[in-house]
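Reading through the structure tokens given below for one structure.
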Protein chains: 2
Amino acid sequence: MRAIIASRNSILRLSKYKNALNRFQKLGYVRVFSDILADAVGGTSAQVRKDFSLFGIKGNKRGGYNADELLGKLNDILGKNTRQSVIIAGAGKIGMALVKYKGFENEGISIVAAFDIDPAKIRQGGDIPVFPLDELKAFVKTNDIRIGIIAVPDIAAQQVFEIMVSSGIKGVLNFAPIRLKETADVVVNNVNVELELENVIYFVNALERTGSK
Amino acid sequence: MRAIIASRNSILRLSKYKNALNRFQKLGYVRVFSDILADAVGGTSAQVRKDFSLFGIKGNKRGGYNADELLGKLNDILGKNTRQSVIIAGAGKIGMALVKYKGFENEGISIVAAFDIDPAKIRQGGDIPVFPLDELKAFVKTNDIRIGIIAVPDIAAQQVFEIMVSSGIKGVLNFAPIRLKETADVVVNNVNVELELENVIYFVNALERTGSK
DNA sequence: CGTTAAAAGTGAAAAAAATCACAAAAAAGT
DNA sequence: ACTTTTTTGTGATTTTTTTCACTTTTAACG
Ligand SMILES: NC(=O)c1ccc[n+]([C@@H]2O[C@H](COP(=O)([O-])OP(=O)(O)OC[C@H]3O[C@@H](n4cnc5c(N)ncnc54)[C@H](O)[C@@H]3O)[C@@H](O)[C@H]2O)c1
Ligand SMILES: NC(=O)c1ccc[n+]([C@@H]2O[C@H](COP(=O)([O-])OP(=O)(O)OC[C@H]3O[C@@H](n4cnc5c(N)ncnc54)[C@H](O)[C@@H]3O)[C@@H](O)[C@H]2O)c1
């Protein structure tokens, strides 16, 4: 399999095409066209074709793309053919919402354990265990985990990040509203809800002021 | 106050500068320079200055920016001088995590009510009440709410979105992993956790394959 | 079959975003 | 007071991303 250098945005778009395609497939579609995919994800058909072109995905002129085949290729590129195991640091409000969320399993993502410093949060009984933070390193190493989610308070985030990295974690999804001091060869994506909300508020206000148009 | 057309990304950067600045201010900084701001948010000093330039923010040559003054201007631009009231649809795992989150208040954002169709979720006692979904429209109208958060299952999201829009909501933060059929003059930002996680996974795998470099 | 029409594929063009690089200002030093 | 040094502010340039527009292929139809 060839690894292709691509921007974060183009990969996000591939994921969106894949998700749209899954829905189309459930609806019985056998063929899909660049324009309906564009529609489904909010882009243009030219961009869909360009994206595919970049990854060497070929369709049939006048015949569009075979849904199964296209989905297969996208899953391949996105690495959806092997299940991914993920751990979470922080079994608080967000952390537990994620732990209990059913949506990841269908995406081939399994949250296998959570870790917390608060002894009151430790719980081995349930479906997904919550262990003491001390055990994170050993767990990650013995289970060869490569992806972690940070759902601890902002003051603790950098420290937890470093523990994760030193344990062998290679990719992190960070919910704490701070910028992690990044390390080469560790991928970090941030989910910053405050920022997104603030952004919505800005544009609502801006539109209102310009609204006279 | 002048409304300036700017890209989503440049506004996101302004928010990040503002957040960094808040921290610097707490640490006692009186002056800040473009390069330390760049550092704090992970950009370049030229970009910081360009962003400020676009919004007519002036510093002092060789003297940097006065922290208080800069913060004031950013808050102004971002509309942080008036508190924003926000409602949530869906009092489930994510919805309640947001309701209970303390971090919004310091950001001038107040979550004032949640709404759910499940009678078991209705609860007026607490700090932030959970009302039946039917009451959303009236609540939004009488309280003149302009911002809503969607935290309902994906199948319900479009319908809830339409209720919000018809009630007068002008901006939406959507946690459901679907694309809302958007309406002109309503701002929609999406928080798609699956997508972000999938993206991390992609790049971890891609780096690994290229890693031999 | 042959013709028509639809859709992919893709260089070229345009637009948008980021970076450069340097003049101008002014704080700090001497 | 004068010089040096630092940092801003911003046109110009470069890079990246998106869109355009046209060629090619082929499914569909008569
Ligand atoms: N709750 C939300 O809706 C929300 C929204 C936006 C951002 N966030 C961010 O997500 C993060 C978590 O928020 P939350 O609301 O779930 O907080 P929370 O307080 O409910 O949970 C945090 C958990 O982390 C644990 N913890 C603290 N230090 C730790 C450490 N060093 N190692 C392991 N665990 C540790 C705590 O014991 C607690 O269980 C915060 O950074 C917050 O800013 C949360
Ligand atoms: N929990 C997570 O960590 C997580 C992660 C990623 C995405 N999401 C997305 O966030 C959304 C909410 O997820 P969740 O885990 O909180 O689900 P949940 O099932 O815990 O909560 C959903 C809530 O919405 C309510 N609801 C259903 N239909 C409604 C309607 N028409 N009007 C008002 N309320 C309605 C339900 O009664 C329930 O209380 C989903 O779209 C999910 O895909 C959640």
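Just so we're on the same page: letters track the sequence lines, and every chain starts at 1.
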Next on the checklist: Could you tell me if the side chain of Val191(A) sits less than 4.5 Å from the side chain of Glu196(A), heavy atoms only?
Outcome noted: no
Checklist outcome for this item: With a 4.0 Å cut-off (strictly under) to non-hydrogen atoms of chain B, the first and last hit nts on DNA chain C, 5' to 3', are dA17(C) to dA28(C)
Next on the checklist: How many whole angstroms separate atom OH of Tyr65(B) from atom P of dT6(D)?
Outcome noted: 18 Å
Next on the checklist: Between Glu69(B) and Arg31(B), does any side-chain N to carboxylate O distance fall below 4.0 Å?
Outcome noted: no
Checklist entry - How would you label the contact of Asp35(A) with the nucleic acid (heavy atoms, under 4.0 Å): base, sugar-phosphate, or nothing? => result nothing
Next on the checklist: So if I apply the ring-ring contact (aromatic ring centres under 6.0 Å, His included) rule between Phe24(A) and each of Tyr29(A), Tyr65(A), Phe33(A), Tyr17(A), which one comes out positive?
Outcome noted: Tyr29(A)
Next on the checklist: How close do Ser167(B) and Val140(B) get, counting heavy atoms only, and between which atoms?
Outcome noted: O-CG1, 3.5 Å
Next on the checklist: I'd like to know whether Ser110(B) forms a side chain to side chain donor-acceptor pair (under 3.5 Å) with Gln84(B), so could you lay out the CA-CA distance, the side-chain angles of the two residues, the decisive distance to 0.1 Å, and finally the verdict.
Outcome noted: CA-CA 6 Å; Ser110(B) 299; Gln84(B) 278 289 343; over 6 Å; no
Checklist entry - Just wondering, are more than 12 heavy atoms of other shown residues or ligands nearer than 6.0 Å to NZ in Lys80(A)? => result yes
Checklist entry - Contact class for Ile57(A) vs. all strands (heavy atom < 4.0 Å): base, sugar-phosphate, or nothing? => result sugar-phosphate
Checklist entry - Between Asn9(A) and Gly63(A), which has a closest nucleotide on DNA chain D that is more 5'? => result Asn9(A)
Next on the checklist: Please check if the number of heavy atoms outside Lys18(A) that lie under 6.0 Å from its NZ is greater than 12.
Outcome noted: yes
Item to check | Spacing between Phe55(B) atom CZ and dG9(D) atom P, to the nearest angstrom | outcome: 15 Å
Checklist entry - Can you find a side chain N or O atom of Ser34(B) that sits less than 4.0 Å from OP1 or OP2 on dT7(D)? => result no
Item to check | Gap between atom CD of Glu198(A) and atom CZ of Phe104(B) - 0.5 Å precision | outcome: 11.0 Å
Next on the checklist: Counting only heavy atoms and a strict 4.0 angstrom limit, can you tell me which residues of residues 39-52 of chain B come near DNA chain D?
Outcome noted: Arg49(B), Lys50(B)
Checklist entry - Rounded to whole angstroms, how far apart are CZ on Arg13(A) and C1' on dT17(D)? => result 8 Å
Next on the checklist: Distance check needed: dT17(D) P versus Ile11(A) CD1, whole Å only.
Outcome noted: 12 Å
Next on the checklist: More than 12 heavy atoms of other residues, nucleotides or ligands under 6.0 Å from CG of Asp127(A): yes or no?
Outcome noted: no
Next on the checklist: Quick check for you: among dT24(D), dA28(D), dG9(D), whose closest atom lies nearest to any side-chain atom of Lys61(A)?
Outcome noted: dT24(D)
